[in-house]
Amino acid sequence: MAQPPKPTPRPATAGAAAPKATPRDVERAIALRDVMDHAVRVQKETSGATPIRGSRAPLIGAMTLCVPLIAFCVYSYVARPEYIWGPPTAPSPVQQEAGLRFGMYLLAQRVESYRAQHGRYPESLAALGDGLEGVSYALISEAVFELRAMRGETPIVLRSDGAVDAFLGTAPDFIQGGGR
């Protein structure tokens with residue numbers, strides 16, 4: 001078994017005079033004290049709790065990617081380029097006629113509203129303000145007016161004394177999106 005090391009004998013200080021310190025020993029002690037103070041200060045500064053700061057690289061990367069993508073989406077929605085949305089499609093002739101018939105019906109309602117307010121039909125569509133392009137107005141008698149438009153070679157005529165349902169036909173279905 002290993003024996004513990006023997007303690008080194010210390011000189012007894014009781015009653016004995018301490019050895020005299022030389023100026024060189026004092027300088028060494030002061031230098032050692034300064035070095036130890038500095039070591040303690042540095043240790044406290046480095047071992048203190050410091051917040052861990054994460055990297056900003058993911059944020060910068062996301063911004064670098066997202067800002068151009070959002071700008072491109074806004075451009076695409078506003079400008080509607082053909083390479084994304086395809087060529088613009090014109091409504092079919094049936095849809096165009098349905099839109100014209102419905103527009104004429106709404107214009108006839110404005111003419112009737114004018115009559116209700118003023119007691120007579122207007123002399124022209126200019127009295128109503130904005131009209132419908134390509135639609136002419138004629139006052140047949142004091143109680144009957146006619147709206148006329150051309151759809152290709154076919155005239156479309158709405159008379160105030162005629163049946164509105166027969167004039168509109170399936171136009172409301174096309175306007176609502178049901179009759180394609």
Side-chain angles (χ1 to χ4, degrees), residues 1-110 113-114 116-117 125-135 149 151 168-180:
M1 204 185 251
Q3 301 228 344
K6 295 182 181 179
T8 56
R10 293 188 184 199
T13 56
K20 278 194 163 184
T22 63
R24 187 170 180 178
D25 291 336
V26 172
E27 285 179 22
R28 282 184 185 168
I30 291 172
L32 181 61
R33 183 198 65 195
D34 290 343
V35 168
M36 290 304 293
D37 286 344
H38 176 71
V40 168
R41 255 185 294 138
V42 168
Q43 180 64 27
K44 284 181 181 178
E45 288 174 4
T46 59
S47 66
T50 58
I52 297 175
R53 223 175 131 193
S55 173
R56 295 179 69 188
L59 176 65
I60 292 171
M63 293 300 287
T64 303
L65 182 66
C66 290
V67 168
L69 284 177
I70 290 171
F72 180 74
C73 289
V74 169
Y75 158 75
S76 168
Y77 187 75
V78 171
R80 299 234 179 224
E82 277 191 37
Y83 65 90
I84 295 174
W85 298 92
T89 59
S92 70
V94 176
Q95 289 174 327
Q96 289 176 357
E97 183 175 334
L100 180 60
R101 285 182 180 272
F102 197 71
M104 289 173 69
Y105 167 74
L106 293 175
L107 187 58
Q109 295 302 309
R110 288 178 56 199
S113 176
Y114 183 92
Q117 287 179 351
L125 289 177
L128 299 176
D130 292 335
L132 191 59
E133 187 178 328
V135 176
R151 176 79 184 110
L168 287 175
T170 59
D173 293 336
F174 280 97
I175 299 298
Q176 294 173 354
R180 295 196 185 265

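Since we're looking at a predicted model, the values are computed, not measured. Sequence positions, counted from 1, serve as the residue numbers for this chain. Scope of the values below: all heavy atoms of this structure, side chains included, with no hydrogens, waters or symmetry mates.
- Between the side chain of Arg151 and the main chain of Gln96, no donor-acceptor pair closer than 3.5 Å is present.
- Legend: residues meeting side chain to side chain donor-acceptor pair (under 3.5 Å) with Ser76, ordered by chain and number and at least two apart, are Trp85.
- Residues passing the side chain to side chain contact (heavy atoms under 4.5 Å, CB included) test with Ser113 are Gln117, sequence neighbours excluded.
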Val40 vs Lys44, side chain to side chain contact (heavy atoms under 4.5 Å, CB included): CA-CA, chis, key distance, verdict: CA-CA 6 Å; Val40 168; Lys44 284 181 181 178; 3.9 Å; yes
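- In this structure, Leu125 and Val135 approach most closely via the heavy-atom pair CD1-O, 3.8 Å.
- Taken to the nearest 0.5 Å, the CG atom of Asp34 stands 10.5 Å off from the NE2 atom of His38.
- Looking at residues two or more places apart in sequence or on another chain, you find a ring-ring contact (aromatic ring centres under 6.0 Å, His included) between Tyr114 and His118.
- Qualifying side chain to side chain contact (heavy atoms under 4.5 Å, CB included) partners for Glu133, counting only residues two or more places apart in sequence or in other chains: none.
- Residue pairs meeting the salt bridge (charged side-chain N to carboxylate O under 4.0 Å, His left out) criterion with at least one partner in residues 80-105, sequence neighbours excluded, are Glu97-Arg101.
- Here the straight-line distance linking atom CG of Asp25 with atom CG of Leu32 works out to 12.0 Å at 0.5 Å rounding.
- In this structure, the side chain to side chain contact (heavy atoms under 4.5 Å, CB included) partners of Thr64, at least two apart in sequence or on a different chain, are Ile60.
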